[in-house]
Amino acid sequence: MAKFYTKEHEWVEVAGAQATVGISEHAAHELGDITYVELPKIGKSVKQFETLAAIESVKAASDIYSPVSGKVAEVNQALDAAPELVNQGAESQGWICRVEGVNEAELGALMDAAAYAEYLKGL
Amino acid sequence: MELIFEKSVSGRTGVRIPLSDVPKAAPLPEEVRRREPVRLPEVGELDLVRHYTNLSRRNFSVDTNFYPLGSCTMKYNTKVTENAGGLFASCHPMLALLPGGDKLVQGPLAVIYELERQLAEITGMEEVTTQPLAGAHGEMTGIMVIAAYHKSRGDRKRKYVIVPDSSHGTNPASAAMAGYEIVTVPTAPYGDMDLDLFRRAMNDEVAAVMLTCPNTLGLFNPHIAEICAIAHEGGALTYYDGANLNAILGKVRPGDVGFDVIHVNLHKTFGTPHGGGGPGSGPVGVRGDLVRFLPTPRVVRREDGSYGVEDHPEGIGRVSDFFGNFAIMARAYAYITLLGREGLIEVSEQAVLNANYMMARLKEEYELPFDQTCMHECVFSASRQVQNGVHAIDVAKYLIDRGFHPPTVYFPLNVKEAIMIEPTETESRQTMDAFIEVMLEAARMAREDPERLHRAPVTTPVGRLDETRAARMQQVCCE
């Protein structure tokens with residue numbers, strides 16, 4: 001499975017036409033303790049780089065932008081009761097949602113792990 | 001401290017309510033009657049007075065301590081302007097709207113009309129409405145006026161509002177409430193909206209550009225005239241968030257620069273109470289051809305010099321009951337009238353001088369991400385202290401121990417570990433020096449005894465609260 005990142009610090013892991021989306025470890029660290037994740041509605045159609053969900057921490061509230069276009073197929077319901085999962089593992093158990101109908105051509109506009117690490121150094 | 005309910009003793013009372021001599025009405029229908037009696041605290045008058053007096057002593061306010069909360073302009077409100085608010089307390093708000101009632105409220109109508117003229121003069125706008133009840137309400141009113149303008153021209157394709165990423169969160173929220181989609185433009189290294197990126201974001205689907213100037217970093221944007229020109233060329237209108245007007249009073253008039261709509265916060269710039277002590281007031285000013293879209297009704301001055309109330313049929317409707325928060329307007333009118341032109345100029349000069357003094361004295365110890373002359377506030381970062389494990393929140397909590405209200409922290413979002421200080425014009429050099437000493441002390445402590453900062457505050461009735469848990473496990477029901 002290939003994993004990619006956006007400049008807005010979301011990650012997406014693509015398997016065929018389905019993708020899992022979350023925020024990067026870096027983003028979770030910068031936000032501090034996450035207090036609330038506003039999950040998208042299942043069935044919602046999103047375009048690449050448009051608002052997908054929202055996240056609140058003790059410091060700030062931010063939008064989460066979708067790294068790919070598609071339709072929301074599944075959301076991480078566990079985050080409703082335990083938003084701290086994002087702090088515990090932003091790129092594992094803290095995933096936000098799954099999007100289906102992904103067009104692989106869009107991935108070209110994203111960074112791979114090495115490019116993202118390089119991008120973080122420049123911030 | 002006990003709750004007033006915990007002091008309650010069954011049957012105790014502070015007043016004797018006279019027996020009713022009103023004939024009994026038919027009982028209310030069963031389904032609307034409450035099932036059990038209402039639970040009210042039962043206390044004597046002295047217990048009640050002590051309870052609230054002691055509660056008020058725990059209040060932290062500008063009247064008790066320095067309160068340099070950035071972005072909020074917590075200036076001292078003089079008692080003489082406070083008194084102006086009470087002058088009209090006996091005046092019924094419906095009076096002006098009854099047939100012939102305007103004759104009985106010429107004074108209050110004059111206050112509204114004259115305040116609108118004063119604010120129009122200060123902002124360089126044609127007309128002002130005092131109806132909006134707060135800054136964000138003013139923003140929404142202004143954006144609705146802009147929407148009405150585009151609609152009146154049959155220009156229905158405009159669906160975007162542009163905001164810089166450093167804007168107050170209320171800007172995108174207000175525009176979204178009015179039905180627009182938000183386009184955010186990043187900040188350039190010079191600390192303000194990137195002009196090139198803005199130019200690229202502009203197109204014929206943009207309805208408006210919203211700017212706060214000076215911006216949230218306390219910096220004056222040297223490109224505002226150019227931004228207005230670019231927006232107008234593309235058919236968009238420009239919105240000036242006057243939240244930080246305190247920095248430019250009597251120096252710059254946004255209307256002269258080319259802005260089309262502005263809101264001002266009476267509770268920031270014009271010395272009226274804030275937030276919980278409010279209510280607020282966010283009058284909106286517009287350029288000439290937008291006047292017809294202002295909310296209805298309008299207070300007018302007739303040819304014979306008397307004041308009246310007129311319907312404003314093309315306007316966006318009412319945005320509040322009556323004319324807005326009138327007692328607040330009376331205070332602002334007194335503030336502007338008492339200070340006069342020269343006084344207002346001194347306000348902004350002193351506010352900017354104070355902020356620059358803070359900045360100059362604190363930048364030895366605290367990182368200053370945008371090192372240039374600031375306006376009414378300055379934004380530091382606790383990034384140097386972070387190397388010792390001390391964060392902005394720790395410095396803020398320590399200030400509480402030393403009797404100061406902390407500055408705004410973690411805002412604006414484009415500065416990591418932000419500490420945003422706005423002293424306002426009403427603080428003396430001695431007060432600022434005392435605050436600066438404690439800030440420098442906190443910086444020393446961050447190097448020598450970071451644990452002390454992590455423990456702060458230790459002098460308050462409760463220590464460091466678990467903000468994360470409070471936000472995650474919200475329990476707002478009182479059982």
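To find a chain, count down the sequence lines: A is the first, B the second, and so on, and within it residues start at 1. Since we're looking at a predicted model, the values are computed, not measured.
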(message) Only heavy atoms, only distances under 4.5 angstrom. Which residues in residues 164-173 of chain B are near chain A?
(response)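 When heavy atoms of chain A are the reference, residues 164-173 of chain B contributes no residue within the under-4.5 Å range.
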(message) With a strict 4.5 Å heavy-atom criterion, list every residue of residues 450-472 of chain B that contacts chain A, or say none.
(response)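 Only B:E467, B:T468, B:A471, B:R472 of residues 450-472 of chain B have a heavy atom under 4.5 Å from chain A.
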(message) If the contact rule is any heavy atom under 4.5 Å from chain B, which residues of residues 83-105 of chain A qualify, in numerical order?
(response) A:P83, A:E84, A:N87
(request) Taking heavy atoms only and a threshold strictly under 4.5 Å, list by residue number the residues of residues 14-34 of chain A that touch chain B; give 'none' if the list is empty. (result)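 Within residues 14-34 of chain A, the residues that come under 4.5 Å of chain B (heavy atoms only) are A:E30, A:D33, A:I34.
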(message) Between A:K59 and B:K416, is there a side-chain heavy-atom distance shorter than 4.5 Å?
(response)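 No, too far: nothing below the 4.5 Å cut-off.
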(message) So for atom NZ, which belongs to B:K157, do other residues, nucleotides or ligands contribute more than 12 heavy atoms lying within a distance under 6.0 Å?
(response) yes
